[in-house]
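As structure tokens, the structure follows; a few thoughts come after it.
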Amino acid sequence: MMYRVQLQDFEGPLDLLLLLINRNEIDIFDIPIAQITNEYLSYVELIEAIDLDGVAEFIYFAALLISVKARMLLPSPEEDEEGDPIDPRQEIVERLLEYVQYKNAAETLDEQFKQRSLLFTRGQASTPVQSMMPEQDILVKRTVFDLIDTLRDVLENAPEEPTISIAPQKHSIAEQCEYIRNAVFAQEQISFSSMVMGKTRYFIVVTFLAALEMAYSGEVFVSSAPDGEDFVIERAAGQAFMG
Amino acid sequence: MKQERFDNSVTLQMVLEALAFATDVPVSAKEVCRVYAEVVGEASQPSEAAIDEAFRELNDSYEIGGHTMRIQYWAGGLRMTTTESVAPFLEAFFRRERRRHLTKPLMETLAIVAYKQPATKAEIDAVRGVDSGYALRKLLELNLLAIFGRADIIGRPMLYATTERFLEEFGLKNLDELPNLRQAEELLGDAAFNEERTRLLMAKGLDMGDGDPPSATSESKSKS
Amino acid sequence: MKQERFDNSVTLQMVLEALAFATDVPVSAKEVCRVYAEVVGEASQPSEAAIDEAFRELNDSYEIGGHTMRIQYWAGGLRMTTTESVAPFLEAFFRRERRRHLTKPLMETLAIVAYKQPATKAEIDAVRGVDSGYALRKLLELNLLAIFGRADIIGRPMLYATTERFLEEFGLKNLDELPNLRQAEELLGDAAFNEERTRLLMAKGLDMGDGDPPSATSESKSKS
């Protein structure tokens, strides 16, 4: 099945690593690699299981983490040309540090962009503003991984066998989009768990993907509580429903 | 196209104002000087310093006069815009419901190119940890990035760089005006961090690392 | 999406000014009132008489302040334009702009025809050292050149000459007004006809774009 939504449109593997580091209040220069690898893998497994697109890069980092973990267990440390010990975590730390820098630069630039867009030049009426920025912002408060946390909790309590069987014809993403659309049209906002209460695992997963899809296209706003226990889907402000 | 006699009372400041108003691209100081000299007569070619002064005086006079126009120095040129204070009214008029916005993947990709330029896709992908092909295509389409040429390495990959339009859309006079790239240690709230210390920590970390309890981590953090 | 608090110090006059500036279609007084009321709060809907007053006050303050903008109140509504006094400067600017859009092959070909006319393609090719077929077709299309007739030599090749439009667009009364012919002959005799020299040759007003819409629009804008 082809989804328009790619996981990496929301967050990438480095975002997941940073999230885990922040959540566990870990010193980035001294990452407990076994713990982080396990946590990281638990997300990747779920992402794979629900068949969310764009998982390849997550798997690449999973492999990298596993290899670092293995090298940490070597009896004698690897050394560089000068005989100094090499920390196997070095590459990951350096990449995280560099990424943090550019993430911050992106935020700074975003702020600059917003400030600048308060200043109007002449002829603004004839230049369609939309042509400049054709893309909707993805309407997810907090991160997609918080949503995945919710999904995990909901799936654990779902009344079905632990394997997620994919039966493509049962519920399509399009059908589940319509389901969400009707729900938020009727009550403005609805919690994810209440929408999928007592439903099958397959129903839960497809509804989840539909919610991501709609958040991606800016149709709904998805926000999750800090504890990650549930998330709320609400109609995006000013969003006209096109049926 | 008949050439009118120019009016003697027209000053450089007025020409600058009229050009900054009438054009839809930033006009360089040099261009203003040329135009002024061309009409008034070759002898009178003004200095760029005179433009600078005119530019400042104009903005002062708008402010004093309670006017909503300002002249900006963007992308190496001068351009007239409105002030921030009237933005809500203009937004209401244009019914601009949503501020212009670049999605996170686009903004990250743009930031990496802005600071590393010229940069290859491989370099950008490496920083982000994901494929930036879509983001790059989109940014090229938006004319915020352009192909700068090809790198002189194997495969001769394309090099990406930011455009004049980028400078204009972000309100920058030139690339030197990009905000300083903040150091990661600063961002992580670790002012005392330096390279020496990383190396130390890295070396020390060799005998811990594996599944070490949170207390050890928080301890090393508090030391930092 | 988030609606900022509007700035209390923004007056109706400022809103009118900003709208007249930022749009390039006339804005009706009613619309200005609507936008003002929408942002400030329904209760404050201003009267059209207030708009009239703001409009007059603005123009007075531009005049007193020595500014080159004026707000016009035409049938369609309010819009900002430049004063007549700066028109020659704007025209000079937009001519220069168009020249920048004129490609080097077109500029060379046009210059050669201007001085050698009537000229055959073979003569032009000989000076430029390359085939000028495309440039000639383009210049014919732009109505800057026309077929003058056929040369009375073998093959009876077509003869190219400049048009009235050429004179008009380049601000020349007649062909005698072309820059110094001796200087031009020197240039034309030189196979290494470079861009700088072309520019020199064209400098006296031999500047003309390839009729591309953007410059055409910006010019009509400046006049409006």
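Quick note on labels: first sequence line is chain A, next is B, and so on, each numbered from 1.
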Going by the angle between their ring planes, with limits at 30° and 60°, are A:Phe192 and A:Phe231 parallel, tilted or perpendicular?
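Ring orientation, 0 to 90° scale: parallel.
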Taking non-hydrogen atoms and a cut-off under 4.5 angstrom, which of residues 171-179 of chain B neighbour chain A?
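B:Gly171, B:Leu172, B:Leu178, B:Pro179 fall under the 4.5 Å cut-off.
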Residues in residues 62-80 of chain B near chain A [non-hydrogen atoms, under 4.5 Å]:
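Counting heavy atoms that sit under 4.5 Å from chain A, the residues of residues 62-80 of chain B involved are B:Gln72, B:Trp74, B:Arg79, B:Met80.
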Run the salt-bridge test on [X] and [Y] with the 4.0 Å N-O cut-off and return the result as yes or no.
| X | Y | value |
| --- | --- | --- |
| A:Arg23 | A:Asp149 | yes |
| B:Glu53 | B:Arg56 | no |
| B:Arg165 | B:Glu168 | no |

Per-residue contact mode, B:Asn143 against chain A (heavy atom under 4.5 angstrom)
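Neither; nothing under 4.5 Å.
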Is the number of heavy atoms from other residues, nucleotides or ligands under 6.0 Å of B:Asp60 CG greater than 12?
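Counting other residues, nucleotides and ligands, CG of B:Asp60 exceeds 12 neighbours.
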Taking the side chain as every heavy atom from C-beta outward, state whether A:Arg235 and A:Gln189 have any atom pair closer than 4.5 Å.
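Heavy-atom side-chain distance check fails, nothing below 4.5 Å.
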Does the side chain of A:Phe10 come within less than 4.5 Å of A:Leu212's, by heavy atoms?
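Yes, side chains in contact.
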Aromatic ring proximity B:Phe94/A:Phe120, centre distance under 6.0 Å
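Yes, ring centres under 6.0 Å apart.
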With a 4.5 angstrom heavy-atom cut-off, which part of A:Asp15 approaches chain B: side chain, backbone, both or neither?
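Answer is side chain: those atoms of A:Asp15 sit under 4.5 Å from chain B.
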Let me know if A:Phe58 has heavy atoms under 4.5 Å from chain B in its side chain, its backbone, both or neither.
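Interface part for A:Phe58: neither.
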If you count heavy-atom pairs under 4.5 Å with chain A, which of B:Val86, B:Val127, B:Ile112 comes out on top?
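Most heavy-atom pairs under 4.5 Å with chain A: B:Val127.
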Kindly confirm or rule out a cation-pi arrangement of A:Arg122 over B:Phe21, judged by NZ or CZ under 6.0 Å from the six-membered ring centre and within 45° of its axis?
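Yes, cation above the ring, under 6.0 Å and within 45°.
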Ignoring hydrogens, what is the shortest heavy-atom contact between B:Gly129 and A:Arg95? Give both atom names and the distance.
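The pair with the smallest heavy-atom distance is CA-NH2, 3.9 Å.
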Once rounded to the nearest 0.5 Å, what's the spacing between atom CD of A:Glu213 and atom CD1 of A:Ile180?
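The distance works out to 10.0 Å.
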